Amino acid sequence: MLGKLSWDALPFHEPIDMIVSGLMILGVIAILAWLTVKGHWPYLWREWLTSVDHKRIGVMYCVLALVMLLRGFADALMMRSQQALAAGGAQGYLPPEHYDQIFSAHGTIMIFFMAMPFMIGLMNFALPLQLGVRDVAFPTLNSVSLWLTASGVLLTNVSLVVGEFARTGWLAYPPLSELKYSPGVGVDYYLWSLQISGVGTLLSGINLVTTILKMRAPGMSYMRMPVFCWTALASNLLIVAAFPILTATFAMLLLDRYLGFHFFTTDGGGNPMMYINLIWAWGHPEVYILILPAFGVFSEVISTFSGKPLFGYRSMVAATLAICVLSFVVWLHHFFTMGAGADVNGFFGVMTMIIAVPTGVKVYNWLFTMYGGRLRFTAPVYWSLGFMVTFVLGGMTGVLLAVPPADFVLHNSLFLIAHFHNVIIGGLLFGAMAGYTYWFPKAFGFTLHEGWGKASFWCWFVGFYLAFMPLYWLGLMGMTRRMQHYDNMAWQPFLLVAAAGALVILCGILCTIIQLVVSIRDRAGHRDRTGDPWDGRTLEWSIPSPPPSWNFALMPQVEGEDAYWYMKRRAREEPAGPGRTPDYEPIEMPLNSSTGFVTAFFAVVTGFALIWHIWWMVGLGLVGAFVTMLVFAWRDHDEMEIPVEEITRMDRAHRAETTR
């Protein structure tokens, strides 16, 4: 009746698991109880859970990412503290099987459920506003994408309470991930969580590519799009091209585990190296899927706060597209030591060095944008400057690892871990925080506290160098990654410094939480009444903060790069006059839909049942998802009309604020 599920799946025999699981369950119950007592459920359901507004979906993606940042960082703290303690005769407090689950969950959560949702959330929020349109191409599909991602998050975290998570690392290489060597449900949790969330990511990529290519404001040609739109286009093209590879690879591994196929087994004619080629054919484009939107954020921030157009706009676009193409011809540098041969290794080493060139072009363009400008040192600028210093250092170590003979020495060491976090934290996370701080007033109508924002940056910046610079040295000393215990006492001082760095980063996370609390408390004094708190250059700053559901009362007419900056300059140059009353018209907007939320519910049911082999529940989940899609397809009303009176009232109020 319940397949493989039994009382043994609960963590009664693991004190640490029981404590963590109990705290998580109590936290969820407390939140649900608070929402119920306060009577927030109707509002939450109406305005958020069933919303198809791209802005609210973008905010929910970012909230999900921030929660998963806390969850993934908790794993990082446990790993760092375990390695700081487990030297010589001391064994630390994490047994090997638990430690293996922690480092696997840390990588999976941080890449798939923190980094991806954060970048997709920023793109969801900002892209339609920058393009001058009212929503994405497929609003309901956008909601489905969000909730499928949330389904993967839920399944991954359920593994804390029921069963176990994978012990294979975040990419689940066979043969370790095959049924023979991982007979438990940990790998199944990993595979089904990522299959479900991967479908959501692919749908989101299709949606955003269509939006950029087909739904720009009148006059906005490709070469008038903001750079963030270009980097988002490149990122989502990579999603559309790369994520089917991931889906197919996981499908083959699932067939190995469930039906006895032999795609990647060491017997029966399978080849584990095929899995490694496929996973990195997705995996290295994934790095650029994540970092390209961050590059776009830095471009917007540096241009805005320098008070001048971005230097070398066309070269930035060309560099973005070059990275998009070259990202597919570098994957083999992840396994130079696997015996491909000198010619193949040489080719991929050269291509890896070449892809550093367009990235260098971007850095110089940002520096030249600041040169001669009047740079305002706000919190988003701090994150951007910290990125440039840190990412360049990470890029140089990446070029070193692109040299096959050097990689043969360093490939499985902590040097690699330090490099990876150098580019992910210094690039992606700094970019996400810059975008979060930059667009927060547009989303919520008030600015964040600058002092706490800068304090958060400095804690992250200093903490990063303390936490990861020692790992470079440990890698050169010969320490390999994923070690739960070590006998070389000379390594321990470096690991103690790394643990101290993790605590400093924790202070940065706490500063971000305090910043949010203080900003909400004092929001009346930081209200953004004009919609343009930063003296922005792109179209999102031309509308109220927060924007109405329809974004633009009148579709903007774009006449050049930095569209809103051009509009403001023209308004200053033209003589004041009575002006013509705008011709407002009713606007049709999509109705809210519970399709995404309900589909996600059945996706969780189906995924959980497949993990535990509860076949009748699999059937119920699939039927429920199918019926949900049928109900959506046969709906009678899918749009509502916003009356002219409401549009006129809100737009005139905004115009009055901007002309004070």
Side-chain angles (χ1 to χ4, degrees), residues 1-32 67-68 71-72 74-75 78-79 82 93-109 112-113 148 150-170 172 174 176-197 250 253-260 484 600-622 624:
M1 186 69 176
L2 294 179
K4 298 194 296 183
L5 186 60
S6 67
W7 288 109
D8 292 335
L10 299 177
F12 295 130
H13 55 288
E14 290 286 351
I16 294 175
D17 287 357
M18 282 189 66
I19 293 170
V20 173
S21 302
L23 289 174
M24 186 174 72
I25 292 170
L26 287 174
V28 171
I29 291 173
I31 292 170
L32 296 178
V67 172
M68 287 300 101
R71 168 69 178 83
D75 289 337
M78 286 191 283
M79 286 189 290
Q82 167 67 20
Y93 64 98
L94 292 175
E97 63 276 7
H98 193 184
Y99 183 81
D100 292 349
Q101 290 182 60
I102 286 173
F103 71 65
S104 301
H106 171 73
T108 303
I109 288 169
F112 290 99
F113 300 136
L148 287 178
S151 300
V153 169
L154 182 58
L155 279 176
T156 299
N157 285 282
V158 164
S159 69
L160 275 177
V161 183
V162 185
E164 61 180 4
F165 195 66
R167 304 174 188 175
T168 55
W170 74 281
L176 184 57
S177 56
E178 293 284 359
L179 199 59
K180 180 178 179 180
Y181 300 101
S182 294
V185 296
V187 174
D188 300 324
Y189 266 114
Y190 170 89
L191 290 171
W192 288 114
S193 299
L194 297 188
Q195 282 290 59
I196 292 169
S197 65
F250 284 165
L253 185 54
L254 284 165
L255 288 170
D256 279 7
R257 289 182 60 84
Y258 279 73
L259 296 177
Q484 180 261 351
F601 171 79
F602 287 117
V604 171
V605 170
T606 305
F608 185 82
L610 285 164
I611 289 163
W612 290 101
H613 296 188
I614 310 173
W615 304 118
W616 61 268
M617 191 184 291
V618 173
L620 285 180
L622 292 175

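Keep in mind that this is a model prediction, so the values were computed, not measured.
Summarising the geometry of Ser182 relative to Val187, their closest heavy-atom pair is CB-CG2, 3.7 Å, with the distance given to 0.1 Å. Of all heavy-atom pairs between Ser177 and Leu253, the closest is OG-CD2, 3.7 Å. Minimum heavy-atom separation, Ile196 to Leu148: CG2-O, 3.6 Å. Of all heavy-atom pairs between Glu178 and Asp256, the closest is OE2-OD2, 2.7 Å. In this structure, Tyr181 and Leu176 approach most closely via the heavy-atom pair CB-O, 3.7 Å.
Counting only distance, with no hydrogens or angles, the side chain of Gln484 and the backbone of Pro95 share no donor-acceptor pair below 3.5 Å.
For residues 600-622, there are no salt bridge (charged side-chain N to carboxylate O under 4.0 Å, His left out) pairs, not counting sequence neighbours. Within the structure, every pair that satisfies the side chain to side chain donor-acceptor pair (under 3.5 Å) test and touches residues 150-170, not counting sequence neighbours, is listed here: Arg71-Asn157, Thr156-Ser193, Glu164-Arg167.
With sequence neighbours excluded, the residues that form a side chain to side chain contact (heavy atoms under 4.5 Å, CB included) with Leu32 are Val28, Trp41. With sequence neighbours excluded, no residue forms a side chain to side chain donor-acceptor pair (under 3.5 Å) with His106. Applying the side chain to side chain donor-acceptor pair (under 3.5 Å) criterion to Tyr93, with sequence neighbours excluded, gives Ser81. In this structure, the side chain to side chain contact (heavy atoms under 4.5 Å, CB included) partners of Leu259, at least two apart in sequence or on a different chain, are Leu255, Phe261. For Asp188, the salt bridge (charged side-chain N to carboxylate O under 4.0 Å, His left out) partners two or more places apart in sequence, or in a different chain, are Arg257. Qualifying ring-ring contact (aromatic ring centres under 6.0 Å, His included) partners for Phe112, counting only residues two or more places apart in sequence or in other chains: Trp282.
Within 6.0 Å of atom NZ in Lys180, 12 or fewer heavy atoms from other residues, nucleotides or ligands are found, so the atom counts as exposed in its surroundings.
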Per-pair distances, 0.1 Å, donor-acceptor, side chain in residues 600-622, under 3.5 Å, sequence neighbours excluded:
from, atom 1, to, atom 2, distance (Å)
Thr606, OG1, Phe602, O, 2.8
Trp612, NE1, Tyr189, OH, 3.2
Trp616, NE1, Met1, O, 2.6

Side chain to side chain contact (heavy atoms under 4.5 Å, CB included) between Phe165 and Asp100, intermediate numbers included = CA-CA 9 Å; Phe165 195 66; Asp100 292 349; over 6 Å; no

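Of the inter-residue distances, the one linking Leu155 atom CG with Leu191 atom CG reads 12.0 Å to the nearest 0.5 angstrom. The distance from the CD atom of Gln195 to the CZ atom of Phe250 is 7.0 Å, given to the nearest 0.5 Å. Of the inter-residue distances, the one linking Gln101 atom CD with Leu160 atom CG reads 8.5 Å to the nearest 0.5 angstrom. Taking CD1 of Ile109 as the start and CD1 of Ile102 as the end, the distance is 10.5 Å to the nearest 0.5 Å. Distance check, rounded to the nearest 0.5 Å: OG of Ser104 to OH of Tyr99 gives 10.5 Å. In this structure, Met78 CE and Leu94 CG are separated by 6.5 Å, a value rounded to the nearest 0.5 Å.
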